[in-house]
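Beneath this line is the structure, given in structure tokens, with notes to follow.
Chain A is the first sequence line, chain B the second, and so forth, proteins listed ahead of strands; every chain is numbered from 1. Reckoned from all heavy atoms, side chains included, excluding hydrogens, waters and symmetry mates.
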Amino acid sequence: MQPAGGRAFFRKPGDDSAQGSTWKEERSDASADSSATSFVYNPWKHYSLDQQRQRLPIYQYRNSILYLLAKFQTVVIVGETGSGKTTQIPQYLLESGWTKTGRIGITQPRRVAAITVAQRVAEERGAPLGREVGYVVRFDDCTSSETNIKFITDGILVREMMADPLLKQYSVLMLDEAHERSIATDIAMGLLKKILRKRPDLKVIISSATLDAEALRDFFDMSHSNTSTTITKNNNEEPTSTILTVEGRTFPVDVYYLKDPVPNYVTATVDTVVKIHKAEPLGDVLVFLTGVEEVDHACGLLDEHSDALEAETHNKLLVVPLYGALPPGDQLKAFEMPPARTRKVVIATNIAETSITINGIVYVVDAGFVKIKAFNPESGVDSLIIVPTSKASAEQRAGRAGRVRSGKAYRMYTEEAYKELEDASVPEMQRTSLAPVLLQLKALGIDNVLRFNFPAPPPATHVVQGLELLYGLGAIDDNGKLTEPLGLHMAELPLSPMLARMLLGAAEFHCIEEALTIAAMLQLENVFVRPGRGEQKVNAERARRKFSVLEGDHITLLNIYTAFVKCGKSSQWCRQNFLHYKGLCRAVDIRKQLEKHLIRMKIPHTNNNLEPQMEGALYDIDNIRRCIVAGFFANAAYLHPSGTYRTVRNDHELHIHPASVLYAEKPPPWVVFNEVLQTNQEFMRDVTAIESHWLYELAPHYYQYGTEGEVRNPRS
DNA sequence: GAGCACTGC
């Protein structure tokens with residue numbers, strides 16, 4: 001963790017004055033930081049931008065990077081936090097002439113990171129954003145023909161590969177944060193490997209963490225061609241990829257383990273925070289737990305202790321929860337500087353590991369677990385499961401304590417347990433539904449997906465399940481080829497395959513406008529504002545019921561959207577009705593984007609402007625529900641005499657999610673659902689009541705009429 | 001009676 005060479009430069013905060021006062025100063029200093037890799041802490045702000053650039057640890061590697069990139073086609077750069085690699089490397093490349101033959105592209109897994117880093121680099125170059133330095137994220141293209149340094153999300157890169165399979169606009173591509181192994185990064189790496197063979201002039205920089213650097217170098221090394229296909233390029237023995245390790249600018253973090261395992265990591269973290277508050281000098285604490293329930297529980301326990309602790313230590317304890325579902329205003333509390341003689345304790349989910357950086361953290365308490373999504377290809381069900389973190393994750397969490405001064409990390413497990421942890425987390429590619437990935441690969445011309453060179457090959461069962469679903473939806477034919485135009489159009493829409501199928505079939509049911517709205521609304525996580533307790537909770541529930549209809553959640557979402565448009569997209573109206581204003585605005589954006597796609601695809605577009613109306617009186621609801629079934633027929637369930645639901649496909653037991661409008665109603669005999677999420681039980685989320693005969697009318701290839709007048713799956 | 005985190009020409 002500790003930088004060796006860089007430390008001579010390094011002035012610790014507080015070296016030249018009293019600890020207390022400088023310490024506050026530096027926190028406010030870094031308040032602009034909002035991403036993992038941008039500037040966390042800048043003690044050099046009184047220097048010119050050029051001087052600041054030269055003081056970054058990466059600067060001493062400038063020539064090595066340029067040399068290695070001339071000699072190798074792929075360079076894996078292992079850079080620690082705060083090295084400055086994300087902002088500096090693109091500029092080194094620009095300064096040494098790499099933009100004469102093409103752009104420099106840098107991918108980020110998150111949009112905020114792409115935007116904020118582009119802003120910083122533009123500032124360093126003294127140019128307005130969108131000219132020499134620009135960015136592209138979904139819904140937001142801030143580039144021009146002059147743009148030489150282009151920051152994009154990795155999802156955009158994959159989309160760009162569809163339009164331009166050889167990525168001719170770029171001379172150098174840098175995949176930043178590749179160790180996070182997002183689906184899009186993995187697809188991009190698999191495709192880049194192919195592109196590199198055809199474009200010997202293209203250079204690739206992979207920025208990653210220590211643990212998987214060698215695997216990635218070997219993945220991109222073409223000297224020992226490990227595939228059966230003949231490779232004409234580079235048949236000599238020289239490796240084409242290499243690793244460069246770059247030190248970062250972080251402070252040492254002392255790591256403490258438990259002597260013995262504990263039965264309950266939530267109470268153990270609470271006890272540890274109490275001990276820190278009693279024994280350690282002031283400095284904020286960041287606690288990592290797995291979910292909302294645990295965070296709230298821990299906050300409650302600490303609040304119980306806080307009065308006694310204040311009496312004992314004369315320092316206050318300020319406990320702040322932090323998780324994604326928290327309203328933005330509440331999230332901000334985690335970033336606020338605590339008042340004097342107060343220790344802030346932020347109790348967070350995994351959101352604080354990479355997505356959000358909180359300044360001023362000195363102590364980290366790591367429960368050692370994380371909640372992840374895992375996909376079961378047999379049932380097609382996603383589950384949320386709690387698993388131990390990886391070593392890489394544990395290091396990342398501990399590192400959060402060493403950004404302003406040397407810190408301490410307390411792990412709620414033994415050192416032996418640490419040694420047992422996996423090196424890195426399972427890449428997303430190996431634990432999610434593959435249908436969307438396979439559809440994209442097919443659209444990119446990769447027909448034999450089983451032989452595609454994934455950096456982390458997914459299990460074969462997942463591939464088979466994904467192909468079956470795509471076939472059922474009509475996106476691929478008997479030979480596994482993408483159908484035209486349906487399959488191609490499905491791949492081009494930024495929607496899940498089932499939702500894309502629903503939208504593309506909407507013309508048949510004369511409900512394109514409504515299908516667009518439903519597809520857009522399903523992209524939002526939180527439509528309803530849900531106050532925790534008290535009178536407001538009752539009011540929120542009452543407000544929600546105004547929009548609810550017996551047909552289910554899809555039509556309810558449609559009602560909300562049309563009412564939102566009818567009231568003039570008023571934020572006040574949203575507050576009165578306990579709806580997320582920003583979310584609904586986002587739905588408007590997404591809907592526009594989807595509509596543009598349909599127009600481009602020349603999907604017959606009914607221009608009868610939908611008159612927004614409550615109660616859905618103007619819609620032909622049955623046609624809309626048929627349209628939903630045409631996309632979601634594979635997600636059908638019936639009410640079993642036991643009172644629970646069973647999937648039509650394989651009698652898998654399911655429940656209506658409590659957040660569904662159908663939860664409190666008389667359960668309809670037949671439903672389709674958007675997705676299943678397993679927590680304590682398997683819950684259908686976003687449910688719509690249907691007529692059983694629609695299934696065999698609309699998906700005869702998938703269902704047939706059974707002898708007892710029931711729909712049966714031909715396979716069962 | 002329930003909600004890890006991201007993202008898309």
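Here the nucleotide nearest the side chain of A:I156, chosen from B:dC9, B:dC4, B:dA2, is B:dC9.
Residue-level contact check: A:S182 touches neither bases nor backbone, having no heavy atom under 4.0 Å from any strand. Among the heavy atoms of the strands lying under 4.0 Å from A:I351 are primed sugar atoms or P, OP1, OP2 only; no base atom is included. Base engagement by A:E492 is indicated by at least one non-hydrogen atom pair under 4.0 Å involving a base atom. Among the protein residues, A:A184 comes within range of no part of the nucleic acid, since none of its heavy atoms lies under 4.0 Å from any strand. Among the heavy atoms of the strands lying under 4.0 Å from A:V137 are primed sugar atoms or P, OP1, OP2 only; no base atom is included. Contacts of A:L495 with the nucleic acid, taken as non-hydrogen atoms under 4.0 Å apart, include base atoms. Within 4.0 Å of A:V292, counting heavy atoms only, lie sugar-phosphate atoms of the nucleic acid but no base atom.
Contact between the side-chain N/O atoms of A:T153 and the OP1/OP2 oxygens of B:dG8 is found at a separation under 4.0 Å. OP1 or OP2 of B:dG3 lies within a sub-4.0 Å distance of a side-chain N or O belonging to A:T679.
One interatomic measurement links the two molecules: OH of A:Y135 to P of B:dT7, which rounds to 14 Å at whole-angstrom precision. A straight line from NE2 of A:H597 to P of B:dC9 spans 6 Å, rounded to a whole angstrom. We find that CG of A:L322 is positioned 12 Å from C1' of B:dA5, with the value rounded to whole Å. At whole-Å resolution of the value, NE2 in A:H655 and P in B:dG3 are 12 Å apart. Remark: P of B:dT7 and CG of A:D140 are 13 Å apart, rounded to the nearest angstrom. Between the C1' atom of B:dC6 and the CZ atom of A:F375 lies a distance of 18 Å, rounded to the nearest Å. Protein atom CG of A:L493 is 15 Å distant from nucleotide atom P of B:dG8, rounded to whole Å.
Salt-bridge formation is not detected for the pair A:R646/A:E682: no Lys NZ or Arg NE/NH1/NH2 atom is positioned less than 4.0 Å from an Asp or Glu carboxylate oxygen.
Nearest heavy-atom pair across A:A114 and A:F151 is O-CB, 3.6 Å.
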